[in-house]
Amino acid sequence: MTTRTVGIDDLGVYTPSHRLDLEELARSRGVDPAKITIGLGVQQMSVAPPWEDAVTLGANAARRVLGGETLQRDEIGMLLVATETAVDHAKPVGIFVHELLGLPASCRTLELKHACYGGTAGLMLAAEWVRSGAARGRKALVVATDIARYDLHSSAEFTQGAGAVALVIGEAPRLLALDPVSGVYAKNVYDFWRPLDRREALVDGKFSVDCYLEALDGALDDWVALARPTAPPAAACGALLYHTPFPKMAYKAHARLMAHEWRRTGRGADGLTDATEQTYAALVDPWLGAARRIGNTYTASLFFCLAWLAETAGDRLPGSTVGLFSYGSGCCAEYFTGRFAPDSAAVAARIGLGNMLATRRPLSVEEYEWYAHPATTVQPAAGEAPAIRFLGIEDHKRRYARLEMHS
Ligand code: HMG
């Protein structure tokens, strides 16, 4: 059994520079805005313009952790890109990202898929690669990148979003050390899927919520059996993060986690409601700020919660413990924990998520609808171009442009 401390050494985020106000969308769809802002708990969503796709979102997130003083490109021995917004059936998003970032040829590169769980799958595989010693001192770059798209005018339309999170995984991590034991649950269900011929996902919405909660119970059962915790998550952790397709889902998940604990310890219902409300307010709600403003980002959703926690908690981070629940439709789920490192506040101070959200340009509903199905590939106006952007398809091949990057 290895004694290596392994986890997240650095974290980079990216979300497109356009947003839609969901109260405005609700009014244009004839829906009570309170259903969206209170019923689902979401206020805005990031919208990917035609010059962004899973490749550019992921590469733009990853470039934020590369080339600085702490990470050189040739230190990366593995690139795992998790997405459910693939751009090709055979050619992985990862190999485009590999080129756009200028990563070394000696770097195992692939794409991972299991709906929203893909990012966590990448994190766990990378951590085990480092823990096993196979990394030989190198690091893994795990990129979770997605554009959540449902049909216009569907009830799921309010749960879209776009963004990516890049995680650097290594030994002696400066941000978050991962505990080696986690709880996993997998079961074949048809709650959410995106057939090969569709851009937009299909979903059995209410059933998907039930599947998510059943998977949470299953992952917790597995975690309890393997980790034999001396304290329940809500007592042991300073923060609890859940995959957040919309913030109300994190509330439902937290209520289920508390009920699981009450059931496991043979308590009746006494005190459960109060304990749920109190722990939700202290451990969950403060870290949903990004999810409320970005929307669902599928594989990246849980890690945007982690980024918001890291950026918001700042100096309170070092030494604190976090519990994370990842759910991917279809389905696979995992509950895992980690402890923030002594240097975590300094790493978190460079994430820059709040600033990125504040500087997005608001779109009208008409612009958003046009972006959903643009007639042609358009290019950004001056000043709107991200560092890495999609140019279009020529001869069935995708073309990208990259502004000069340092080092
Ligand atoms: P819906 O039919 O639009 O909404 O579907 P609803 O009728 O269920 O109402 C939603 C909430 O608003 C309810 O609260 C209402 O009471 C409340 P709840 O009972 O749930 O606590 N409400 C109001 N509140 C205040 N004022 C009002 C008002 N009216 C109603 N006037 C649904 C909602 C989420 C199902 C839909 O948006 C959807 O299908 N979304 C996509 C699927 C999804 O996000 N599923 C989540 C679990 S699965 C998952 O997380 C995986 C996923 O990320 C994909 C992956 O893994 O890749 C999706």
Side-chain angles (χ1 to χ4, degrees), residues 22-23 25-27 29-43 45 54 82-86 112-122 144-165 185-195 198-219 241-256 273 276-277 280 285 288 291-292 294-305 324-334:
L22 292 176
E23 289 197 28
L25 181 64
R27 279 191 288 274
R29 298 286 186 256
V31 171
D32 180 354
K35 174 178 173 187
I36 308 309
T37 56
I38 298 169
L40 298 180
V42 64
Q43 291 156 357
M45 65 187 186
T83 189
E84 49 182 291
T85 321
L112 293 173
K113 176 170 70 185
H114 190 137
C116 303
Y117 173 70
T120 301
T145 174
D146 268 307
I147 302 173
R149 277 200 198 100
Y150 299 95
D151 285 329
L152 298 184
H153 300 272
S154 68
S155 63
E157 185 181 18
F158 296 95
T159 62
Q160 302 177 103
V165 178
Y185 176 87
K187 179 182 180 182
N188 185 15
V189 288
Y190 248 116
D191 61 333
F192 163 104
W193 64 109
R194 210 190 274 208
R198 284 183 62 99
R199 266 174 105 231
E200 291 79 21
L202 298 173
V203 63
D204 187 342
K206 303 268 171 14
F207 180 56
S208 74
V209 171
D210 293 342
C211 292
Y212 178 123
L213 296 174
E214 185 185 324
L216 173 59
D217 275 339
L241 309 179
Y242 299 93
H243 167 58
T244 305
F246 51 93
K248 182 64 121 8
M249 190 69 229
Y251 175 81
K252 290 177 193 284
H254 184 65
R256 188 68 163 242
T273 306
T276 298
E277 296 302 323
Y280 175 76
D285 187 68
L288 295 174
R292 284 190 213 294
I294 299 176
N296 196 356
T297 48
Y298 292 157
T299 52
S301 162
L302 179 65
F303 303 107
F304 269 114
C305 294
L324 302 99
F325 174 68
S326 176
Y327 175 74
S329 284
C331 71
C332 192
E334 188 151 353

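Every number for a ligand or one of its atoms is a count from 1 in the order of the listing.
- Across G163 and A300, no two heavy atoms sit closer than the pair O-CB, 4.0 Å.
- The protein heavy-atom contact nearest to atom 41 (C) of ligand 1 is T159 OG1, 3.4 Å.
- Counting only heavy atoms from C-beta outward, the side chains of T145 and T85 never approach each other to under 4.5 Å.
- At the shortest separation from atom 12 (O) of ligand 1 among protein heavy atoms lies G39 CA, 3.1 Å.
- When F246, F325, Y242 are each tested for a ring-ring contact (aromatic ring centres under 6.0 Å, His included) with Y212, only one passes: F325.
- Listed by number with element, the atoms of ligand 1 under 4.0 angstrom from any heavy atom of Y150 are 41 (C), 58 (C).
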Inset, instruction - Could you give me the CA-CA distance, side-chain angles and deciding distance for M249 and L213, then say whether side chain to side chain contact (heavy atoms under 4.5 Å, CB included) is met? - result: CA-CA 9 Å; M249 190 69 229; L213 296 174; 3.8 Å; yes
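- Contacts of F246 with ligand 1, taken as heavy-atom pairs under 4.0 Å, involve the side chain alone.
- The six-membered or imidazole ring of Y251 lies near that of Y280, with a centre-to-centre distance under 6.0 Å.
- The ligand atoms of ligand 1 that sit less than 4.0 angstrom from a heavy atom of F192 are 54 (C), 55 (C), 57 (O), 58 (C).
- In the model, N296 has no side-chain atom that pairs as donor or acceptor with a side-chain atom of T159 under 3.5 Å.
- More than 12 heavy-atom neighbours from other residues, nucleotides or ligands sit within 6.0 angstrom of CZ on F207.
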Inset, instruction - Would you please test Y117 and Y185 for ring-ring contact (aromatic ring centres under 6.0 Å, His included) and show each step? - result: CA-CA 11 Å; Y117 173 70; Y185 176 87; over 10 Å; no
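- Here the heavy atom of the protein found nearest to atom 10 (C) of ligand 1 is L40 CD2, 3.9 Å.
- Distances from atom 15 (C) of ligand 1 to the protein include no heavy-atom value under 4.0 Å.
- Near G328, the atoms of ligand 1 lying under 4.0 angstrom from a non-hydrogen atom of the residue are 56 (O).
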Inset, instruction - Could you check D285 against R292 for salt bridge (Lys or Arg N to Asp or Glu O under 4.0 Å), going step by step and ending with a plain yes or no? - result: CA-CA 10 Å; D285 187 68; R292 284 190 213 294; 2.6 Å; yes
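- Between V209 and ligand 1, no pair of N/O atoms sits closer than 3.5 Å.
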Inset, instruction - In sequence, state the C-alpha distance, the side-chain angles, and the governing distance for I36 and E23, and then conclude on side chain to side chain contact (heavy atoms under 4.5 Å, CB included). - result: CA-CA 7 Å; I36 308 309; E23 289 197 28; over 6 Å; no
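- Of all protein heavy atoms, the one lying nearest to atom 51 (C) of ligand 1 is S329 OG, 3.2 Å.
- With 3.5 Å as the limit, one finds no donor-acceptor pair spanning the side chains of D146 and T297.
- For ligand 1 and C116, the ligand atoms under 4.0 Å from any heavy atom of the residue are 52 (C), 53 (O), 54 (C), 55 (C), 56 (O), 57 (O).
- Of all heavy-atom pairs between S154 and D151, the closest is OG-O, 2.7 Å.
- In this structure, atom 32 (C) of ligand 1 has no protein heavy-atom contact shorter than 4.0 Å.
- Less than 4.0 angstrom separates some heavy atom of A115 from each of these atoms of ligand 1: 55 (C), 56 (O), 57 (O).
- Put simply, the side chain of K248 gets close to the backbone of G39: a donor and an acceptor are under 3.5 Å apart.
- When the options K35, E84, E157, K113 are ranked by their closest heavy atom to atom 29 (N) of ligand 1, first place goes to K35.
- Look at Y251 and you'll find every heavy atom at least 4.0 Å from all atoms of ligand 1.
- In this structure, atom 8 (O) of ligand 1 lies nearest to the protein heavy atom K206 CE, 3.0 Å.
- Taking 4.0 Å as the cut-off, F158 does not count as a neighbour of ligand 1 on heavy-atom distance.
- Inclusion of Y212 in the set of residues having an N or O under 3.5 Å from an N or O of ligand 1 is not warranted.
- Which parts of ligand 1 touch Y327 is read off a 4.0 Å heavy-atom cut-off, strictly below it: atoms 48 (S), 49 (C), 51 (C).
- Remark: minimum distance from atom 18 (P) of ligand 1 to any protein heavy atom is reached at K252 NZ, 3.5 Å.
- The proximity of P245 to ligand 1, defined as any non-hydrogen pair under 4.0 Å, is limited to the side chain.
- Looking at atom 21 (O) of ligand 1, its nearest protein heavy atom turns out to be K248 NZ, 2.7 Å.
- Protein heavy atom nearest atom 37 (O) of ligand 1, with residue, atom name and distance: S155 O, 3.3 Å.
- Considering backbone and side-chain N/O of S208, one or more are found under 3.5 Å from N/O of ligand 1.
- Near V203, meaning under 4.0 Å from any of its heavy atoms, are these atoms of ligand 1: 39 (O), 42 (C).
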Legend entry - Verdict with supporting geometry, L241 and L302, side chain to side chain contact (heavy atoms under 4.5 Å, CB included): CA-CA 7 Å; L241 309 179; L302 179 65; 3.9 Å; yes
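- You'll find the ring centres of F192 and Y327 outside the 6.0 Å limit.
- Within ligand 1, the atoms closer than 4.0 Å to a non-hydrogen atom of G205 are 35 (C), 39 (O), numbered from 1 in the order shown.
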